[in-house]
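Nothing here was measured: the structure is a model prediction, and the numbers come from that model.
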Amino acid sequence: RQVLEEMRTLYERNQADVSEAKAGRPDLIFLIRFRHCCLLRNQRCLLAYLYDRLLRIRALRWEYGSVLPNTVQFHMSAEEVEWFNQYKKSLATYMRSVGGEEGLDLTQDIKPPKSLYIEVRCLRDYGEFEIDDGTTVLLKKNSQHFLPRWKCEQLIRQGVLEHILS
């Protein structure tokens, strides 16, 4: 916001000096060019900052899934939340288009698994959790379970489950 305010001030000063330069003060041309270079530099810096934030927001989709925690979302502007939602929709559309009828979830197995089943501890009450074979597991705080890795990776990223390393 400070940079934008500075840019607004530089622009207004340039507009005033351009009028004076046209009226017969050519000595202001150097100052006008200098301010213009400052404006371009600030613009490049702001664009680099915004691009970096978008890359980080995109990485949040892969880290947390389609629902962001409130603590993360609190630090985002309304436009950034909207961009996240659009990216989430685009990614979901793409994942449905590949991999046959069911689609392909690209967010699973971000790191190659060493085993298909892992032991997890529930960090908070979650409720019933259904596995593909129809088995229902009740995830209560401090309970331990042996579950398929691909089914519980999302819950691990969300902080519901913790992978117990032997």
**Student:** Report whether Leu10 and Leu4 are members of the same hydrophobic cluster (ILVMFWY, side-chain heavy atoms less than 4.5 Å apart, transitive linking).
**Tutor:**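 Same hydrophobic cluster.
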
**Student:** Any side-chain heavy-atom pair from Tyr11 and Gln15 closer than 4.5 angstrom?
**Tutor:**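 Yes, at least one pair of side-chain atoms sits under 4.5 Å.
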
**Student:** Between Thr9 and Glu5, is there a donor-acceptor pair closer than 3.5 Å when you use the side chain of the first and the backbone of the second?
**Tutor:**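 Here the side-chain-to-backbone pair exists.
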
**Student:** Regarding Glu63 and Arg157, does a basic nitrogen lie under 4.0 Å from an acidic carboxylate oxygen?
**Tutor:**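 No, this pair does not count.
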
**Student:** Taking side chain as C-beta onward, heavy atoms only, is Ile164 less than 4.5 Å from Val120?
**Tutor:**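 No, their side chains stay 4.5 Å or more apart.
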
**Student:** Set out, in order, the CA-CA distance, both residues' side-chain angles and the distance that settles side-chain contact (heavy atoms from CB on, under 4.5 Å) for Lys151 and Phe129, then state yes or no.
**Tutor:** CA-CA 9 Å; Lys151 279 299 273 187; Phe129 181 69; 4.1 Å; yes

**Student:** Please report the closest heavy-atom contact between Phe84 and Gly65, naming both atoms and the distance.
**Tutor:**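 For Phe84 and Gly65, the tightest heavy-atom pair comes out as CZ-O, 3.7 Å.
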
**Student:** Supply the atom-to-atom distance Cys122 SG to Leu147 CG, rounded to the nearest 0.5 angstrom.
**Tutor:**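 Rounded to the nearest 0.5 Å, the SG-CG separation comes out at 10.0 Å.
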
**Student:** Do you reckon Val81 sits in the same ILVMFWY cluster as Tyr64, going by side-chain contacts under 4.5 Å, direct or chained?
**Tutor:**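 Yes, it is one cluster - the side chains of Val81 and Tyr64 are joined through contacts under 4.5 Å.
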
**Student:** Assess whether atom CD of Glu128 is packed by more than 12 heavy atoms of other residues, nucleotides or ligands within 6.0 Å.
**Tutor:**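 Count not over threshold, so no.
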
**Student:** What pairs meet the side chain to side chain donor-acceptor pair (under 3.5 Å) rule with one or both residues in residues 32-41, with sequence neighbours excluded?
**Tutor:**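 Matches after skipping sequence neighbours: Asn14-Arg35, Asp17-Arg35.
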
**Student:** Are Trp62 and Leu91 side-chain neighbours, meaning at least one heavy-atom pair lies under 4.5 Å?
**Tutor:**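 With C-beta onward as the side chain, the pair touches.
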
**Student:** Does NZ or CZ of Lys140 fall inside the cone over Tyr126's six-membered ring, less than 6.0 Å from its centre and within 45° of the axis?
**Tutor:**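 No, Lys140 does not sit over the ring of Tyr126.
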
**Student:** Can you give me the closest heavy-atom contact between Gln73 and Leu68, atom names plus distance?
**Tutor:**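 In this case the closest contact between Gln73 and Leu68 is OE1-O, 4.0 Å.
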
**Student:** Test side-chain contact (heavy atoms from CB on, under 4.5 Å) on Leu116 and Arg149; report intermediate values, then the result.
**Tutor:** CA-CA 6 Å; Leu116 295 178; Arg149 175 185 293 275; 6.0 Å; no

**Student:** Looking at Met95 and Arg61, what are the two nearest heavy atoms and their distance?
**Tutor:**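 Smallest heavy-atom distance, with atoms named: CE-NH2, 3.9 Å.
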
**Student:** Would you kindly confirm whether Ile29 and Val18 end up in one hydrophobic cluster when ILVMFWY residues are joined by side chain heavy atoms under 4.5 Å apart?
**Tutor:**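 No, because Ile29 and Val18 fall into different hydrophobic clusters, even though each may have its own neighbours under 4.5 Å.
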
**Student:** Can you name the closest pair of heavy atoms from Glu80 and Met76 and give their distance?
**Tutor:**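 Heavy atoms only, the tightest pair is OE1-CA, 3.3 Å.
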
**Student:** Is there a chain of hydrophobic side chains (I, L, V, M, F, W, Y, each step under 4.5 Å between heavy atoms) that links Phe34 to Leu39?
**Tutor:**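 Unlinked, Phe34 and Leu39 end up in two clusters.
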
**Student:** What residue among Leu155, Leu123, Asp125 forms side-chain contact (heavy atoms from CB on, under 4.5 Å) with Val160?
**Tutor:**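 Going through Leu155, Leu123, Asp125 one by one, the side-chain contact (heavy atoms from CB on, under 4.5 Å) with Val160 is satisfied by Leu155 alone.
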
**Student:** Using side-chain heavy atoms (C-beta onward) and a distance below 4.5 Å, is Ile57 in contact with Tyr87?
**Tutor:**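 Ile57 does not reach Tyr87 side chain to side chain.
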
**Student:** So for atom CD, which belongs to Gln144, do other residues, nucleotides or ligands contribute more than 12 heavy atoms lying within a distance under 6.0 Å?
**Tutor:**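 Correct, the count exceeds 12.
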
**Student:** First locate atom CG of Asp27, then atom CD1 of Ile32, and finally report the distance between them rounded to the nearest 0.5 Å.
**Tutor:**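 CD1 of Ile32 is found 9.5 Å from CG of Asp27.
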
**Student:** Quick one: OG on Ser77 to CG on Leu50, what's the gap to the nearest 0.5 Å?
**Tutor:**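 The CG atom of Leu50 is 9.0 Å from OG of Ser77, to the nearest 0.5 Å.
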
**Student:** Run the side-chain contact (heavy atoms from CB on, under 4.5 Å) check on Leu139 and His145 step by step: do they pass?
**Tutor:** CA-CA 8 Å; Leu139 299 177; His145 307 279; 3.5 Å; yes

**Student:** Quick one: does any side-chain atom of Glu153 pair with a main-chain N or O of Trp150 as donor and acceptor, under 3.5 Å?
**Tutor:**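 Answer holds: no.
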
**Student:** So how far is it from Arg121 CZ to Ile156 CD1, rounded to the nearest 0.5 Å?
**Tutor:**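 If we round to the nearest 0.5 Å, Arg121:CZ and Ile156:CD1 are 12.0 Å apart.
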
**Student:** Does some side-chain heavy atom of Glu119 sit less than 4.5 Å from a side-chain heavy atom of Leu165?
**Tutor:**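 Not in contact.
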
**Student:** Can you tell me how far CG of Leu40 sits from CE of Met7, rounded to the nearest 0.5 angstrom?
**Tutor:**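 Reported to 0.5 Å precision, the distance equals 8.0 Å.
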
**Student:** Any side-chain heavy atom of Ile131 sitting closer than 4.5 Å to one from Thr136?
**Tutor:**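 No, every pair of side-chain atoms sits at 4.5 Å or beyond.
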
**Student:** Where do Leu138 and Ser143 come nearest, in terms of heavy atoms and distance?
**Tutor:**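 Minimum heavy-atom separation between Leu138 and Ser143: O-OG, 4.2 Å.
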
**Student:** Whether the side chain of Asp52 engages the backbone of Ala48 through a donor-acceptor N/O pair (distance < 3.5 Å, no angle test) should be reported.
**Tutor:**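 Here the side-chain-to-backbone pair does not exist.
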
**Student:** Residues in side chain to side chain contact (heavy atoms under 4.5 Å, CB included) with Ser19, at least two apart?
**Tutor:**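 Expected list: none.
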
**Student:** Any non-hydrogen side-chain atom of Ile118 less than 4.5 Å from a side-chain atom of Cys152?
**Tutor:**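 When only atoms from C-beta onward are counted, Cys152 and Ile118 do touch, with a gap below 4.5 Å.
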
**Student:** Whether the side chain of Ser90 engages the backbone of Gln86 through a donor-acceptor N/O pair (distance < 3.5 Å, no angle test) should be reported.
**Tutor:**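 Here the side-chain-to-backbone pair exists.
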
**Student:** Would Ser66 and Lys88 count as a side-chain contact (heavy atoms from CB on, under 4.5 Å) if you check the C-alpha gap in whole Å, the side-chain angles of each, and the deciding distance to 0.1 Å?
**Tutor:** CA-CA 6 Å; Ser66 60; Lys88 176 177 66 173; 3.4 Å; yes

